[in-house]
Peer 1: 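Submitted below is the structure of interest, expressed as structure tokens.
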Protein chains: 2
Amino acid sequence: MKNNQYKQGYPLVKLDDFEQPSVAVDLVIFTIKERSLQTLLIKRGIVPFKESWALPGGFIKMNESLEESALRELEEETGVNKVYLEQLYTFGNVGRDPRGRVITVSYMALINSKDIKLKASTDASDVNWFRISNLPTLAFDHKKILNYAVKRLKWKFEYTTIAFSLLHSRFSLGELQRLYEIVFDKEIDKRNFRKKILSIDILKTESIMKDAPYRPPQLYSLKVKIGDSININNLA
Amino acid sequence: MKNNQYKQGYPLVKLDDFEQPSVAVDLVIFTIKERSLQTLLIKRGIVPFKESWALPGGFIKMNESLEESALRELEEETGVNKVYLEQLYTFGNVGRDPRGRVITVSYMALINSKDIKLKASTDASDVNWFRISNLPTLAFDHKKILNYAVKRLKWKFEYTTIAFSLLHSRFSLGELQRLYEIVFDKEIDKRNFRKKILSIDILKTESIMKDAPYRPPQLYSLKVKIGDSININNLA
DNA sequence: TGAATAGTGTCTTTCAGACAATATGCC
DNA sequence: GGCATATTGTCTGAAAGACACTATTCA
């Protein structure tokens with residue numbers, strides 16, 4: 001099994017002189033549902049922490065990169081494959097998994113709730129969305145990972161265009177503002193928000209929305225790449 | 001050897017059903033020497049990339065956390081043990097190490113050049129400091145790691161107090177300004193810099209320097225923690 | 001008094017932040 | 001006309017950024 005750890009004749013390099021830890025990927029999947037920021041958790045069907053809620057994730061395979069592994073897990077849990085995905089932090093404390101040494105590379109994914117088709121995964125007896133403001137107790141050190149992810153998310157909302165990955169390709173400024181208000185759990189002055197967003201010149205005007213219940217808004221699209229740096233002030 | 005991967009009776013959990021990658025830690029060690037930003041590299045004494053320069057690092061041990069592993073490597077290479085240390089990013093592409101699957105967790109360390117006593121490490125035939133502006137070709141994907149570290153360093157200089165980890169506990173504003181000028185490779189207006197630093201109220205005045213060659217400067221010390229958030233504008 | 005470094009203040013411009021009235025479309 | 005949402009501008013205060021002279025110590 002371990003043979004392919006010895007390649008191209010490097011006999012002196014004994015990677016196996018060291019016991020090897022297991023490497024996993026854990027995902028913090030964010031979406032906006034019911035006017036709140038939510039994340040996907042799975043109820044563990046196996047020990048340890050059987051019946052506890054946990055972040056979706058799993059061990060990496062030898063022939064896939066960390067990111068490919070994260071995308072595979074994401075697809076297995078949600079059926080979604082086109083998302084914003086970002087590596088967060090690697091957690092490797094010795095006792096973090098009672099089964100042995102497991103190092104986990106955490107990722108954050110942002111998906112549009114319309115794209116989701118939840119699947120029941122083999123090792124999860126249940127899968128569900130939870131409001132960030134109302135989370136159950138989590139297995140392992142997943143609470144720590146989730147807290148880290150929320151901080152990073154807010155940070156990235158202020159300093160990059162990742163928010164737009166949660167909107168459709170055409171959106172109104174009202175939708176954008178509601179998104180920021182949900183993530184920061186804070187009301188924002190409409191005039192200042194619009195002034196700020198329009199001043200940084202990242203939007204193209206599109207058509208006007210049809211079939212709006214009341215006055216239809218102007219639609220916009222993002223004319224820079226998702227993840228590009230911007231600076232939306234002080235919303236934190 | 002692998003027995004302790006099975007603990008506390010979790011027979012169904014077969015971590016070893018998966019081949020395990022190796023996990024390493026690589027260090028980007030920054031210091032200021034000769035009025036420039038420099039990083040420590042080792043010349044590899046073993047294949048692969050024998051005789052190439054590389055970041056210091058090594059495989060983690062089963063009984064140490066990632067951070068402990070980074071600190072151990074740091075101490076082995078430089079003799080330094082009290083430093084600013086921060087995890088950067090985890091690189092895990094399949095082909096990044098010709099010996100097999102090696103996932104590396106990168107760390108950035110900032111050390112005061114006065115504290116360094118370089119040691120010749122067992123697996124390095126040579127150890128040296130290099131200016132960031134004049135680097136040799138690096139082994140593996142270490143160039144990518146280093147580029148990432150430089151970006152993070154600059155970023156953290158603008159938004160946190162990590163710069164102060166490169167100064168003595170008492171320092172002049174001139175020393176602080178020179179440090180920022182070196183890291184950003186850019187001249188900064190003295191009056192605006194001082195105004196800004198003093199306005200954010202993170203410094204305590206100390207004594208006045210003795211034995212200065214010319215007019216002795218006022219000394220200051222940091223009255224908040226290293227790593228605390230601040231905002232030194234727009235130096236990037 | 002010359003050399004080297006330390007220390008200081010003003011003006012302009014830009015931007016954040018507070019704040020309220022009008023416009024549009026649907027019923 | 002009533003309702004729900006969209007859209008727009010002004011004023012104030014704070015801070016960034018440009019800019020040049022004086023102060024201190026030592027040789």
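Here is the naming used below: chain letters follow the sequence lines, and residue numbers restart at 1 for every chain. In what follows, every heavy atom counts, from backbone to side chain, and hydrogens, waters and symmetry copies are set aside.
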Peer 1: Quick one: the side chain of A/Arg215 and the base of D/dA4, do they pair up donor-acceptor inside 3.5 Å?
Peer 2: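 Check fails, no donor-acceptor contact within cut-off.
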
Peer 1: Rounded off to whole Å, could you give me the CG-to-P distance for the A/Leu173 and D/dA6 pair?
Peer 2: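 The distance from CG of A/Leu173 to P of D/dA6 comes to 9 Å, rounded to the nearest Å.
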
Peer 1: In whole Å, I'd like the distance from the CG atom of A/Asn231 to the P atom of C/dA16.
Peer 2: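 Computing the A/Asn231:CG to C/dA16:P distance gives 7 Å.
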
Peer 1: Rounded to whole angstrom units, what separation is found between the CD atom of A/Gln218 and the P atom of C/dA23?
Peer 2: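 In whole Å, C/dA23 P lies 18 Å from A/Gln218 CD.
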
Peer 1: For B/Phe164, which of B/Phe157, B/Phe171, B/Tyr180 qualifies under ring-ring contact (aromatic ring centres under 6.0 Å, His included)?
Peer 2: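 The residue from B/Phe157, B/Phe171, B/Tyr180 that satisfies ring-ring contact (aromatic ring centres under 6.0 Å, His included) with B/Phe164 turns out to be B/Phe171.
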
Peer 1: Map A/Pro213 and A/Lys196 onto DNA chain C by nearest heavy atom, then report which one ends up closer to the 5' terminus.
Peer 2: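 It is A/Lys196 whose nearest nucleotide is closer to the 5' end.
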
Peer 1: Between D/dA6, C/dC19, D/dA18, which one does the side chain of A/Lys190 approach most closely?
Peer 2: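 Of all the options, the side chain of A/Lys190 is nearest to D/dA6.
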
Peer 1: Ignoring the backbone of A/Asp189, work out which of C/dG7, C/dC19, D/dC19 is nearest its side chain.
Peer 2: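 Closest of the options to the side chain of A/Asp189: C/dC19.
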
Peer 1: Figure out the CZ/C1' separation between A/Arg191 and D/dC11, and round it to whole Å.
Peer 2: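 Distance check: A/Arg191 CZ to D/dC11 C1' gives 12 Å.
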
Peer 1: Roughly, in whole Å, what's the span from CD1 in B/Ile197 to P in C/dG7?
Peer 2: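 In whole Å, C/dG7 P and B/Ile197 CD1 are 14 Å from each other.
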
Peer 1: Send over the distance from B/Tyr214 OH to D/dT25 C1', rounded to a whole Å.
Peer 2: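 Result: 9 Å.
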
Peer 1: Please report the distance, rounded to the nearest Å, between NZ in B/Lys210 and C1' in D/dT24.
Peer 2: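 So the NZ-C1' distance, B/Lys210 to D/dT24, works out to 17 Å.
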
Peer 1: Taking A/Glu181 first and then A/Lys186, would you say they form a salt bridge - that is, a charged N and a carboxylate O separated by under 4.0 Å?
Peer 2: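 Here A/Glu181 does not pair with A/Lys186 in a salt bridge, since their nearest N and O are not under 4.0 Å apart.
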
Peer 1: Please give, in whole Å, the distance from D/dT7 C1' to A/Gln177 CD?
Peer 2: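 Rounding to the nearest Å, CD of A/Gln177 and C1' of D/dT7 are 12 Å apart.
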
Peer 1: With no hydrogens and no angle check, just 3.5 Å: does a side-chain donor-acceptor pair link B/Gln38 and B/Ser36?
Peer 2: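 Yes.
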
Peer 1: Would you call B/Glu158-B/Lys154 a salt bridge at under 4.0 Å N-O?
Peer 2: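 So B/Glu158 does not pair with B/Lys154 through a salt bridge.
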
Peer 1: Checking only heavy atoms, does the side chain of B/Lys195 share a donor-acceptor pair with the base of C/dT8 at less than 3.5 Å?
Peer 2: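 Donor-acceptor pair under 3.5 Å: no.
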
